[in-house]
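For reference, the structure discussed in these notes is given below.
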Amino acid sequence: MRLLTLLIGLSISPLLLADELDSKFAQSRQLSIELQTALAAVLMPAMKNDGPLAAIAVCHEQAPEIAERISLPSDAQVSRTALRVRNSNNQPTPEQRSILEQMLVQLQQDPTVIPESWQTQQDGSQQYMKAIVMQPQCLACHGHSVKPDVLAAIQERYPNDQATGFKVGDLRGAFVVSWPGKSNPN
């Protein structure tokens, strides 16, 4: 799939150099890839060896730890969010919700492009988002026909789950990389 940079609400501070922007964007993209890769490295073997019930347990226990581990070496906070979350701790901010809605439209218009977003706020904080697109291996836990025992395990760990009913190619959510603004010494 091609990658398309979706620039939404980009307002760059004059103090932010183009090289710094390019570097942060590239680093953000790399951090999202690291999170995606690390999650797949634990989820796929669990699914293959022990099925969706094991994958739910792995995701519940390890996904937050993986995101934290990837965040630590940088100044960024690496996470996930969605319009329909499984983990209520991953609720989108109003700004993230707006970006997710735009990504949803973009995926419907061209499913071959994985949307991305980059924003710089007036305080210098920055946020990168990359769409998570539903894949066939995700259907056992996020699809329309989730088995009753899998649904029960989801409800046990995530009582407010909203993350089922998807089909391959749907927008499942987004990886988020948030950078703090520069503090003002005044």
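Everything numeric in this text was worked out from a predicted model, so none of it was measured.
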Could you measure the distance from the [atom1] atom of [X] to the [atom2] atom of [Y]? Nearest 0.5 Å is fine.
X: Ser79; Y: Gln96; atom1: OG; atom2: CD; value: 6.5 Å
X: Gln77; Y: Ile70; atom1: CD; atom2: CD1; value: 11.0 Å
X: Gln119; Y: Ser125; atom1: CD; atom2: OG; value: 9.0 Å
X: Leu151; Y: Glu156; atom1: CG; atom2: CD; value: 13.0 Å
X: Asn87; Y: Arg80; atom1: CG; atom2: CZ; value: 8.0 Å
X: Ile99; Y: Gln127; atom1: CD1; atom2: CD; value: 5.5 Å

Quick one: does [X]'s side chain have a donor or acceptor within less than 3.5 Å of a partner on [Y]'s backbone?
X: Ser71; Y: Val78; answer: yes
X: Gln135; Y: Val133; answer: yes
X: His144; Y: Gly165; answer: yes
X: Asn49; Y: Pro45; answer: yes
X: Asp161; Y: Tyr158; answer: no

Going only through I, L, V, M, F, W and Y residues with side-chain contacts under 4.5 Å, is there a path from [X] to [Y]?
X: Trp118; Y: Leu35; answer: yes
X: Met103; Y: Leu83; answer: yes
X: Met134; Y: Leu171; answer: no
X: Ile132; Y: Leu43; answer: yes
X: Val146; Y: Met47; answer: no

For the residue pair [X] and [Y], what are the closest heavy atoms and their distance?
X: Arg86; Y: Thr164; answer: NH2-CG2, 3.4 Å
X: Asn90; Y: Thr81; answer: O-OG1, 2.6 Å
X: Cys141; Y: Ile56; answer: SG-CG1, 3.8 Å
X: Pro64; Y: Cys59; answer: CD-O, 3.8 Å
X: Leu31; Y: Ser74; answer: CD1-OG, 3.9 Å
X: Ala163; Y: His142; answer: O-ND1, 2.7 Å

Query raised in the report: Are a donor atom and an acceptor atom from the side chains of Gln121 and Glu95 found within less than 3.5 Å of each other?
Result: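 On atom types as modelled, these side chains qualify, holding a pair under 3.5 Å.
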
Query raised in the report: Between the side chains of Trp179 and Ser28, is a donor N or O closer than 3.5 angstrom to an acceptor N or O?
Result: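 Judged by distance alone, the side chains do pair up.
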
Requested in this report: Going by the side chain to side chain donor-acceptor pair (under 3.5 Å) test, name the single residue among Gln106, Arg29, Lys130 that passes it with Glu116.
Outcome: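 Among Gln106, Arg29, Lys130, the one meeting side chain to side chain donor-acceptor pair (under 3.5 Å) with Glu116 is Arg29.
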
Report task. Start with the C-alpha gap between Gln62 and Val42, add the side-chain angles, then the distance that decides, and say whether side chain to side chain contact (heavy atoms under 4.5 Å, CB included) holds. Result -> CA-CA 8 Å; Gln62 294 184 34; Val42 294; 3.3 Å; yes

**Report entry** pair Glu65-Arg69: side-chain heavy atoms closer than 4.5 Å
**Finding:**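 A side-chain contact is absent here, since even the closest heavy-atom pair is not under 4.5 Å.
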
Query raised in the report: Is any side-chain heavy atom of Ser32 closer than 4.5 Å to a side-chain heavy atom of Tyr128?
Result: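 Yes, at least one pair of side-chain atoms sits under 4.5 Å.
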
Query raised in the report: Between Phe166 and Arg84, is there a cation-pi geometry (under 6.0 Å to ring centre, at most 45° from the normal)?
Result: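 Because its charged atom sits under 6.0 Å from the ring centre and within 45° of the axis, Arg84 does stack over Phe166.
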
